Structure formats: C-alpha cells, structure tokens
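Here the structure comes first, spelled out in structure tokens, and everything after it is commentary.
All values below were derived from every heavy atom in this structure, side-chain atoms included, with hydrogens, water molecules and symmetry-related copies excluded. Just so it is clear, the structure is predicted and the values come from calculations on it, not from any experiment.
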Amino acid sequence: VQLVESGGGLVQAEGSLRLSCEVSGFSFDDYAIGWFRQAPGQEREGIACISNQDHSTFYADSVKGRFTISSDNAKKTVYLQMNSLKPEDTAVYYCAAVHILVVAQAKNNRWAVRWDYWGQGTQVSVSS
C-alpha cells in the first residue's frame, strides 16, 4: 500500500498550489481519502475528505471556500486545490485513506477514526 503526496512548495500569500495523492495497493473506489495538515507545535488537523465511491466531500471550516478536493478514479489520484493561501496554511500536508463505511458511520467524527494508510507528507509554506 502506498500513498504518495506531491505538489508542495513555497508560495506567496493569496497564491495557489495543487497537491496530489497517488494511491496504490488497495481498492481505490472503496475508500475515502482525507487531507490532513500539521504545523510545527500544533496538532494534526483534518481539512478535507472525499469518498471515492460517490465523490461526496467534506471540508473543515478553516479551508472551506478556498480549498477543493477531487478525485480521479481512473488515475487513482486525489487532488487538493488550494487557493487564496494564507501564512497560517503553512504545514506539512498528508493524505490518508480509510474504508468508506468507516467514514460513513463516523459522520461528524470522521477525523477521529483510525485512518488506515498514510502518505509521507509534503511541505507547504506560504510567505506573507
């Protein structure tokens, strides 16, 4: 099983980046993919989630309206389009996978479930 993030980098405030999470080793359509981030000294935060079965999405308030999560089932890749970036978005961004039934049962507690698989992370830095 592999989740490989890419697309991070340094960008100025109000700029954009698109992160990718390429998945292999499990049934992509049966899983939800979430994006998380962790800034130095802070707890990990779940920010966006997509079901690869019906492409339903969920966003944390901190990114709603600025970030968009999408998936390409044929490419087994999930994207996170990040617009209007702010310095406080600076963090290491991770993608993770969990079975869609687990997320469906968790409902509003989706970030608290045990996500099965994780990528290695990609650094996003936003300068002011």
*With sequence neighbours left out, what residues match His99 under side-chain contact (heavy atoms from CB on, under 4.5 Å)?*
Asp30, Tyr31, Leu101, Val102
_Distance check, rounded to the nearest 0.5 Å: Ile50 atom CD1 versus Trp35 atom CH2?_
12.0 Å
_salt bridge (Lys or Arg N to Asp or Glu O under 4.0 Å) partners of residues 52-62, not counting sequence neighbours, each pair once_ = Asp61-Lys64
*List the atom of Gly46, the atom of Ala60, and the distance in Å for their closest heavy-atom pair.*
O-CB, 3.5 Å
*Is there a chain of hydrophobic side chains (I, L, V, M, F, W, Y, each step under 4.5 Å between heavy atoms) that links Ile47 to Val98?*
no
_Separation of Phe58 CZ from Asn108 CG (nearest 0.5 Å)_ = 6.0 Å
*Which heavy-atom pair separates Ile33 from Trp115 by the least distance, and what is that distance?*
C-CZ3, 4.0 Å
*Sidechain-backbone polar pair: Asn73 side chain, Asn52 backbone, donor-acceptor under 3.5 Å*: yes
*In Å and rounded to the nearest 0.5 Å, what is the CH2 to CZ distance from Trp111 to Phe36?*
5.5 Å
_If I compare all heavy atoms of Leu17 with all of Leu85, which pair ends up nearest, and what's the gap?_
N-CD1, 3.9 Å
_Measuring from atom CZ of Arg18 to atom CE of Met82, what distance do you get when rounded to the nearest 0.5 angstrom?_
11.5 Å
*Ser125 side chain to Thr90 backbone, donor-acceptor under 3.5 Å*: no
*From Arg44 CZ over to Tyr93 OH, what is the distance, rounded to the nearest 0.5 angstrom?*
14.5 Å
*asked:* Between Val92 and Gln123, is there a side-chain heavy-atom distance shorter than 4.5 Å?
replied: yes
*What heavy-atom pair brings Gly8 and Val124 nearest, and what distance separates the two atoms?*
CA-CG2, 4.1 Å
*Pairs touching residues 82-106 that satisfy salt bridge (Lys or Arg N to Asp or Glu O under 4.0 Å), sequence neighbours left out*: Arg37-Asp89, Arg66-Asp89
*asked:* Whether the side chain of Glu5 engages the backbone of Leu19 through a donor-acceptor N/O pair (distance < 3.5 Å, no angle test) should be reported.
replied: no
*Is Tyr79 linked to Tyr59 within one hydrophobic cluster, defined over Ile, Leu, Val, Met, Phe, Trp and Tyr using a side-chain heavy-atom separation of less than 4.5 Å?*
no
*Can Val4 be reached from Val1 by stepping across I, L, V, M, F, W or Y side chains whose heavy atoms are under 4.5 Å apart?*
no
_For Gln105, side-chain contact (heavy atoms from CB on, under 4.5 Å) partners two or more places apart_ = none
*asked:* Taking Lys76's backbone N and O only, do any of them form a donor-acceptor pair with Glu22's side chain (distance below 3.5 Å, no angle check)?
replied: no
*If you round to the nearest 0.5 Å, how far is OG of Ser62 from CZ of Phe67?*
7.5 Å
*What about Val78 and Val103, same hydrophobic cluster or not, with Ile/Leu/Val/Met/Phe/Trp/Tyr joined at side-chain heavy-atom distances under 4.5 Å?*
no
*Nearest heavy atoms of Ala13 and Pro87, plus distance in Å*: CB-CD, 4.2 Å
*Contact summary for Ala106 and Val113, nearest pair of heavy atoms*: CB-CG1, 3.3 Å
*asked:* Filter on salt bridge (Lys or Arg N to Asp or Glu O under 4.0 Å), then keep only pairs touching residues 108-126, sequence neighbours left out; what's left?
replied: Arg114-Asp116
*Backbone N or O of Lys75 within a donor-acceptor pair of the Asp72 side chain at under 3.5 Å?*
yes
*asked:* Suppose we screen for side-chain contact (heavy atoms from CB on, under 4.5 Å). Which residues come up paired with Ser16, at least two apart in sequence or across chains?
replied: Gln81, Asn83
*Any side-chain heavy-atom pair from Leu3 and Tyr94 closer than 4.5 angstrom?*
no
